[in-house]
Amino acid sequence: MVKINAQSQVYIILGNPIAHSLSPAMYNAAFNSLKLNCLYMASQVEEGQLQAAIQGIKALGIRGGNVTVPFKEKVIPYLDGITEEARHIGAVNTLYWERGKLWGTNTDGPGFLCALEKEEPNYRDYNHALILGAGGAARAIVVSLALAGIKNITIINRKREKALELAAKAHTLGCMASALDWNEGGLEEVFRGRGLIINTTSLGMNPQEDKMPPLNPLWLGPQHLVVDIIYKPSMTLLLSSASKRGCRTMNGIGMLLEQGILAFEKWSGYKAPVEVMKRELERWLE
Ligand code: ATR
């Protein structure tokens, strides 16, 4: 265990609530395994205090870290710059210093792509992706899929306006994108025609494990790769239903890990100890 002393470098995650964040455990395990004199802390920031918190990061010489709900969008005006990916996604989850300036980037979408690529190296061959949900996570994933060259994206959301807005964003990145809601006719055909299905809604997340997006499992078959970005539980009702229909499935643990690896490498400059971080996450998710 590295001793904390006057030379320790401090990293931080800002959010509200933050007490259940897995990040401190994952990153402190990484620091320890690399024998770095670093410390990663969580800070619950009140709504009106975000600008002050960012000024605090600068004033106190905090070395970087992360931002989570509900500040991923709101933090942008207080940063010195953001990356192109973060600009397209419209949200930041990672803070790092570059030439004396505090920058923000987004590793959620790229982390998703890394996890997907490990599961399916040829994921670009799925030239049509179907996204369930149109919230913050969907936005990160749609932007990253579009930037990776996926040409067709269909988005289904309860509130159709949000799906339309996200489809418009995908359009600006060169994608053919369409927006539907769950009451639309012909959803069966839509599902049958898309190989890659990604659930970004919270339906099925602990503690509501008996829920899933309102699709008929009979629409699924062996041609589908069904991804659920939920990591707790690791096997959601959607994934178990898909698996029974012969689909390949992937849960959200890979995305959680990969976004963490990318963030760690960005703000620390060190190569992430992947196995250590993975073990720590799995221990917390047990
Ligand atoms: P995140 O940042 O995790 O994406 P979010 O931005 O709150 O969270 O998005 C949650 C997503 O789950 C949205 O797409 C939401 O649909 P609406 O935009 O129509 O609200 C979807 N969602 C949550 N509960 C739902 C439910 N009971 N039925 C259908 N969709 C639901």
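Treat the numbers as computed from the prediction; the structure is a model and nothing was measured. We count ligands from 1, going down the list as the structure has it; atoms in each ligand are counted the same way.
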If Ile, Leu, Val, Met, Phe, Trp and Tyr residues are connected whenever their side-chain heavy atoms lie under 4.5 Å apart, and connections chain through other members, are Met41 and Tyr96 in the same group?
no
State whether any protein heavy atom lies less than 4.0 Å from atom 1 (P) of ligand 1.
yes
Among all protein heavy atoms in this structure, tell me which lies nearest to atom 26 (C) of ligand 1, with the distance rounded to 0.1 Å.
Arg158 NH1, 3.2 Å
Whether the Asn66 and Ser23 side chains hold a donor-acceptor pair (N or O, under 3.5 Å, no angle test) is what I'd like checked.
no
Honestly, for Ala134 the part within reach of ligand 1 (heavy atoms, under 4.0 Å) is backbone
Using a strict 4.0 Å cut-off to heavy atoms of Lys162, name the atoms of ligand 1 that fall inside it.
17 (P), 18 (O)
Starting from atom 9 (O) of ligand 1, which protein heavy atom do you reach first, and at what distance in Å?
Gly135 CA, 3.5 Å
Which residue and non-hydrogen atom of the protein lie closest to atom 8 (O) of ligand 1, and at what distance in Å?
Gly136 N, 4.4 Å
Taking only heavy atoms of Ser202 into account, list the atoms of ligand 1 that are under 4.0 Å away from them.
12 (O), 23 (C), 24 (N)
Using a distance threshold of 4.0 Å (strictly less than), state whether atom 23 (C) of ligand 1 has a protein heavy-atom neighbour.
yes
Where's the contact between Lys159 and ligand 1, heavy-atom distance under 4.0 Å: side chain, backbone, both or neither?
both
Please could you name the atoms of ligand 1 that Ala137 approaches to less than 4.0 Å, counting only its heavy atoms?
1 (P), 2 (O), 4 (O)
More than 12 non-hydrogen atoms from neighbouring residues, nucleotides or ligands closer than 6.0 Å to NZ on Lys58, yes or no?
yes
Is the number of heavy atoms from other residues, nucleotides or ligands within 6.0 Å of CD (Gln49) greater than 12?
no
Under a 4.0 angstrom heavy-atom cut-off, which atoms of ligand 1 come close to Gly133?
14 (O)
So how far is it from Phe112 CZ to Thr200 OG1, rounded to the nearest 0.5 Å?
9.5 Å
Could you check atom 29 (C) of ligand 1 against the protein and tell me its nearest heavy-atom contact, residue, atom and distance included?
Leu203 CD1, 3.6 Å
Heavy atoms of other groups near Lys278 NZ, more than 12 under 6.0 Å:
no
Counting only heavy atoms not in Arg63, do more than 12 sit closer than 6.0 Å to its CZ atom?
no
Looking only at the side chains, is there a donor atom on one of Thr83 and Asn106 sitting less than 3.5 Å from an acceptor on the other?
no
Heavy atoms of other groups near Trp284 CH2, more than 12 under 6.0 Å
no
For atom 13 (C) of ligand 1, which candidate among Ile141, Thr201, Asn157 provides the closest heavy atom?
Asn157
